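Just so we're on the same page: letters track the sequence lines, and every chain starts at 1. Treat the numbers as computed from the prediction; the structure is a model and nothing was measured.
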Protein chains: 2
Amino acid sequence: MSEVAIELFALRGFDNVTVEEIAAVVGVSARSFHRYFPTKEDAVIGDVGPWGEFVRDQFAARSPSEPLWESLHAAFDGLLASSGEQGEREKRGLRVLASTASLRARHREKHALWEKLLIPLVESRLAEPDVALRSRVIVQAAVACFDTALAVWATPGETRSSRELLAIAFDQFDTMGEI
Amino acid sequence: MSEVAIELFALRGFDNVTVEEIAAVVGVSARSFHRYFPTKEDAVIGDVGPWGEFVRDQFAARSPSEPLWESLHAAFDGLLASSGEQGEREKRGLRVLASTASLRARHREKHALWEKLLIPLVESRLAEPDVALRSRVIVQAAVACFDTALAVWATPGETRSSRELLAIAFDQFDTMGEI
DNA sequence: GATCGATTGTCAGAGACTGACAGATATAAC
DNA sequence: GTTATATCTGTCAGTCTCTGACAATCGATC
């Protein structure tokens, strides 16, 4: 069902395709569509909860003496590595995601759940003061690196892997104090 | 009208107050409400477009030889400074904002517009490679610092100023490569 | 007062979404 | 195969947000 939705959205734009239409193409009722996807946006975004848990677990498995940013990078990289090589289908989904403001916003909101998972772990790796504030901005920056790397990966013409782009994004913050 | 909305949302929760109810309390029709606010969420968020332009202008006015992150910090700090001392009313608005997913999402959507304004300027301050990717993550981190500083400022019991908290957030990225 | 532009409210409707409920389907046990 | 039960599905009515159309009202100007 999600694939049909993404196809239609890519073709005609997210806002120009109704839930009824998607459901009709798939051969179910709109009511059933809503049983599978809480919101229309979720047909594109899907349930990213398990991935967030995966990233958290990857992070938790890193050595506490490892530099924090490196651990975060490794955790997100681990997610990309475990997803295997992805192709045109995933890119199209990401492009649909980037095409509409409400989708982007909802996507980001979903990632906020990832932040909730990661922040306590990052907090325990920081020393006072202001652990709560600092962990939040660190985690948000990490999620931004992930999202942006994927968005760039999905842009037409991009040939580098998502993992390469993720590394570039994360490396930017190693040298932030120098630019 | 916005104040009434925020009061009601703070009292009963964003999702439990209808547009009709707000309009009735204010003494206008729901149709008029929608003439003032494109969406229900905008009653809380308002039109933040001009603030984003302000930040962009503040950033554009910084010396190109100044460290980039410092310029970004100064730009957002300039916004807080120009807002003057804010109080309990603003805090309540921010708390309402943090209370509901749809509000947070719409708020993020609005801030994405700020990013659009800032990214070209940051790009012109960076040397290749990967200027497009790097500028995006930098700007997103800056916006995250701003948002998080304000969110922390609005938490009950917080006595520090929003500008102090902004500085703490931005300073985190000066030392990212060292933690 | 007359004219014109701006504002407002009423109305109907679209689309996303939800709860209720009856019917259909799938599965397990006998 | 039959029966019982759990699950799924579609229909329906309804809520809420939001929009366009249009008539009525308001405010400013002459």
Side-chain angles (χ1 to χ4, degrees), chain A residues 1-50 93 95-113, chain B residues 1-50 93 95-113:
Chain A
M1 206 183 304
S2 174
E3 286 190 18
V4 169
I6 291 173
E7 296 261 0
L8 289 171
F9 294 149
L11 199 63
R12 297 165 43 200
F14 181 77
D15 291 326
N16 299 323
V17 182
T18 64
V19 167
E20 283 273 358
E21 289 175 291
I22 300 166
V25 171
V26 176
V28 299
S29 68
R31 187 67 189 84
S32 283
F33 176 93
H34 281 298
R35 285 195 176 105
Y36 286 91
F37 305 109
T39 70
K40 185 180 171 186
E41 284 83 1
D42 287 339
V44 182
I45 296 166
D47 180 14
V48 298
R95 283 201 280 265
V96 167
L97 214 44
S99 68
T100 311
S102 67
L103 268 175
R104 291 196 298 272
R106 183 142 174 99
H107 184 60
R108 280 186 172 186
E109 188 53 31
K110 290 255 183 172
H111 277 334
L113 298 181
Chain B
M1 208 183 300
S2 175
E3 286 190 20
V4 169
I6 291 173
E7 295 263 359
L8 289 170
F9 295 150
L11 199 61
R12 296 166 41 200
F14 180 79
D15 291 327
N16 298 325
V17 182
T18 64
V19 167
E20 284 272 357
E21 289 175 292
I22 302 166
V25 171
V26 177
V28 299
S29 68
R31 188 66 188 85
S32 281
F33 176 93
H34 282 297
R35 286 196 174 104
Y36 285 91
F37 305 109
T39 70
K40 183 181 172 187
E41 284 81 7
D42 289 343
V44 181
I45 297 165
D47 181 14
V48 299
R95 283 201 281 266
V96 168
L97 208 48
S99 69
T100 311
S102 67
L103 271 172
R104 293 193 299 269
R106 177 96 182 136
H107 184 59
R108 282 182 169 184
E109 193 178 326
K110 297 257 181 164
H111 275 334
L113 299 181

State, with a plain yes or no, whether a side-chain heavy atom of [X] is found less than 4.5 Å away from one of [Y].
{"X": "B/Met1", "Y": "B/Val28", "answer": "yes"}
{"X": "B/Arg12", "Y": "B/Glu21", "answer": "yes"}
{"X": "A/Ser102", "Y": "A/Phe14", "answer": "yes"}
{"X": "B/Glu41", "Y": "B/Lys110", "answer": "no"}

Nearest 0.5 Å please: distance from the CD atom of B/Glu20 over to the CD1 atom of B/Ile22.
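B/Glu20 CD to B/Ile22 CD1: 10.5 Å, rounded to 0.5 Å.
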
Counting just side-chain N and O atoms, does A/Tyr36 come under 4.0 Å of either OP1 or OP2 of C/dC17?
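It does not, given that no N or O in the side chain of A/Tyr36 lies less than 4.0 Å from OP1 or OP2 of C/dC17.
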
OP1 or OP2 of C/dG9 under 4.0 Å from side-chain N/O of B/Ser32:
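Yes, such a contact exists.
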
For B/Phe33 and B/Phe37, take the angle between the two ring planes, folded into 0 to 90°, and tell me which bin it lands in: parallel under 30, tilted 30 to 60, perpendicular over 60.
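Judged by the thresholds at 30° and 60°, the geometry between B/Phe33 and B/Phe37 is tilted.
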
Quick one: what's the B/S/- string for nucleotides 18-27 of chain C, heavy-atom cutoff under 4.0 Å, read 5' to 3'?
BBB-------

In this structure, how many angstroms lie between the C1' atom of D/dT17 and the CZ atom of B/Phe33, rounded?
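My rounded result for the distance is 10 Å.
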
When you check the gap from the basic side-chain N to the acidic O, do B/Arg106 and B/Glu109 get nearer than 4.0 Å?
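Here B/Arg106 pairs with B/Glu109 in a salt bridge, since their nearest N and O are under 4.0 Å apart.
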
Please find the pair of heavy atoms, one from B/Leu8 and one from B/Val17, that lie closest to each other, and give the distance.
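Closest pair (atom of B/Leu8, atom of B/Val17, distance): O-CG2, 3.7 Å.
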
Give me the atom names and distance for the closest heavy-atom approach of B/Arg104 to B/Ser99.
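Shortest heavy-atom contact: NH1-C, 3.9 Å.
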
Those residues of residues 1-10 of chain A lying under 4.0 Å from DNA chain C by at least one heavy atom
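Those residues: none at all.
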
Residues from residues 13-27 of chain A lying under 4.0 Å of DNA chain C - heavy atoms
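Of all residues in residues 13-27 of chain A, the ones placing a heavy atom under 4.0 Å from DNA chain C are A/Val17, A/Thr18, A/Val19.
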
Examine distances only and state if a side-chain atom of B/Ser2 and a backbone atom of B/Ala43 form a donor-acceptor pair shorter than 3.5 Å.
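Yes; at least one donor-acceptor contact below 3.5 Å.
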
